[in-house]
Number of protein chains: 2
Amino acid sequence: MATYTQPVQALIDELGRLPGIGPKSAQRVAFHLLKAPGDDVARLAHAITDAKARVRFCSRCFNFAEGELCPICLDDRRSSQILCVVEESRDIVALEKTGEFHGRYHVLLGAMSPLEGIGPEQLKMKELFIRLGPEDVQEVILCTNPNTEGEVTALYIARMLKPFDVKVTRIASGLPVGGDLEYADELTLGRAMEGRREMSS
Amino acid sequence: MATYTQPVQALIDELGRLPGIGPKSAQRVAFHLLKAPGDDVARLAHAITDAKARVRFCSRCFNFAEGELCPICLDDRRSSQILCVVEESRDIVALEKTGEFHGRYHVLLGAMSPLEGIGPEQLKMKELFIRLGPEDVQEVILCTNPNTEGEVTALYIARMLKPFDVKVTRIASGLPVGGDLEYADELTLGRAMEGRREMSS
């Protein structure tokens with residue numbers, strides 16, 4: 001008697017498998033759904049199946065796409081000569097918001113992490129290298145996250161790209177704009193010093 | 001271009017409406033689902049619709065039920081003379097785990113909260129009072145949470161029950177078993193002092 005009826009327990013279990021949702025949180029969400037209007041719940045279930053059915057990965061860059069190619073790859077105003085390598089589609093959204101980049105992307109769908117058993121084979125790495133020639137890529141900007149996994153991944157790609165006739169750059173690390181030097185962690189501060197630039201006056 | 005394709009955005013939006021799931025968390029879960037095997041995602045969507053379709057509230061105590069009555073109300077070994085009032089079904093699960101209670105429950109489906117506009121009418125309060133006579137209830141144990149909303153709710157029920165010939169008790173507040181006096185907050189400690197009992201030696 002100390003558990004829920006089967007459909008409730010099944011729902012809690014399924015919700016608990018989602019990332020960042022612990023048992024307490026899964027229970028809370030399940031109870032919310034059971035109390036919520038049927039229409040709201042149907043909308044959620046539909047959003048899940050609909051997204052899963054309609055969304056796939058762009059066959060060129062592995063961004064989310066509804067067709068064969070993603071909207072960015074379909075946009076012929078975007079230069080194919082500059083390629084920005086990111087870990088996830090969400091990074092593309094962040095970068096697009098800056099309005100600073102007009103090339104194409106390549107989504108690795110993760111970062112290398114020996115501890116989690118994620119090596120180059122688990123990522124869209126091979127797919128990156130075979131794009132260079134056909135798309136006439138001149139510069140690869142490595143925009144993986146500035147953490148251990150992201151750095152390792154960037155280093156690996158940089159090494160692999162050495163034999164290719166292509167410029168390889170890494171996105172800058174440093175103090176966040178509007179940030180306070182006092183509150184910056186020492187790693188960031190070290191990077192900010194290392195990456196200092198001469199001021200043109 | 002700074003947003004996701006429609007089905008992805010719809011999924012993030014729907015997930016973000018769930019309690020305790022912020023925009024970042026919704027995005028994370030959405031990305032997880034889009035990358036996860038189709039079977040896993042189908043299982044989640046099915047768990048949601050299945051629970052919603054099969055689970056309803058017990059017509060007597062408002063616990064989760066698959067039929068007209070919940071398993072506890074259906075169990076005729078449980079005494080109808082002691083009624084334990086809780087806020088949510090999850091509280092029943094917690095209390096059942098103690099194995100200490102053999103009466104029936106009444107789920108209010110929430111607690112009174114003037115700030116959120118939740119009064120007695122928004123809860124299963126009327127449904128509680130009409131159970132007392134037919135079920136020959138001798139004692140009502142108020143097991144609402146020991147926080148402001150729960151206390152107000154307990155106080156309200158205690159007052160409403162005064163005219164009835166029924167014993168009304170409140171679950172004890174005090175130090176958690178295995179807890180440390182030093183780390184108890186002052187309210188809990190105050191309650192623990194107030195609720196002290198004579199030791200039989």
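Order of the sequence lines sets the chain letters (A, B, ...), proteins ahead of strands, with each chain counted from 1. All of these numbers come straight from a predicted model, not from anything done at the bench.
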Given side chains that start at C-beta, do those of A:Thr49 and B:Val41 come closer than 4.5 Å, heavy atoms only?
no
Measure distances from A:Leu15 to the heavy atoms of chain B and classify the residue's part below 4.5 Å as side chain, backbone, both or neither.
both
If we define contacts as heavy-atom pairs under 4.5 Å, which of B:Ala10, B:Ala30, B:Ala36, B:Ala65 has the most with chain A?
B:Ala36
Side chain to side chain donor-acceptor pair (under 3.5 Å) pairs, two or more places apart, involving residues 18-32 of chain B
B:Tyr4-B:Gln27
Looking at A:Glu88, A:Lys35, A:Arg56, which one has more heavy-atom pairs under 4.5 Å with chain B than the rest?
A:Lys35
Taking every heavy atom of A:Pro19 against every heavy atom of B:Val29, the minimum-distance pair comes out as O-CG2, 3.8 Å
Distance in Å, A:Leu44 CG paired with B:Glu14 CD, rounded so as to fall on 0.5 Å steps:
6.0 Å
Under 4.5 Å to a heavy atom of chain B? For A:Arg54 that would be side chain
Once rounded to the nearest 0.5 Å, what's the spacing between atom CG of B:Asp13 and atom CZ of A:Arg43?
10.0 Å
Contact part of A:Thr98 toward chain B, heavy-atom cut-off under 4.5 Å: side chain, backbone, both or neither?
neither
Using modelled atom types and a 3.5 Å cut-off, is there a donor and acceptor pairing between side-chain atoms of B:Lys52 and backbone atoms of A:Leu34?
yes
Would you sort out whether B:Ile48 and A:Ile48 count as a side chain to side chain contact (heavy atoms under 4.5 Å, CB included), showing the intermediate values?
CA-CA 10 Å; B:Ile48 293 172; A:Ile48 293 172; 3.9 Å; yes
Between CD1 of A:Ile21 and CD1 of B:Ile21, what distance do you get to the nearest 0.5 Å?
3.5 Å
Using heavy-atom distances under 4.5 Å, tell me whether A:Ile12 contacts chain B through its side chain, its backbone, both, or neither.
neither
Test side-chain contact (heavy atoms from CB on, under 4.5 Å) applied to A:Ser113 - qualifying residues, sequence neighbours left out
A:Leu115, A:Glu116, A:Ile118, A:Glu149
Which bit of B:Leu95 comes within less than 4.5 Å of chain A, counting heavy atoms only: side chain, backbone, both or neither?
neither
Beyond-backbone contact of B:Leu18 with A:Leu33, side-chain heavy atoms, under 4.5 angstrom:
yes
Residue part contacting chain B, namely of A:Asp40, when any heavy atom lies under 4.5 Å
backbone
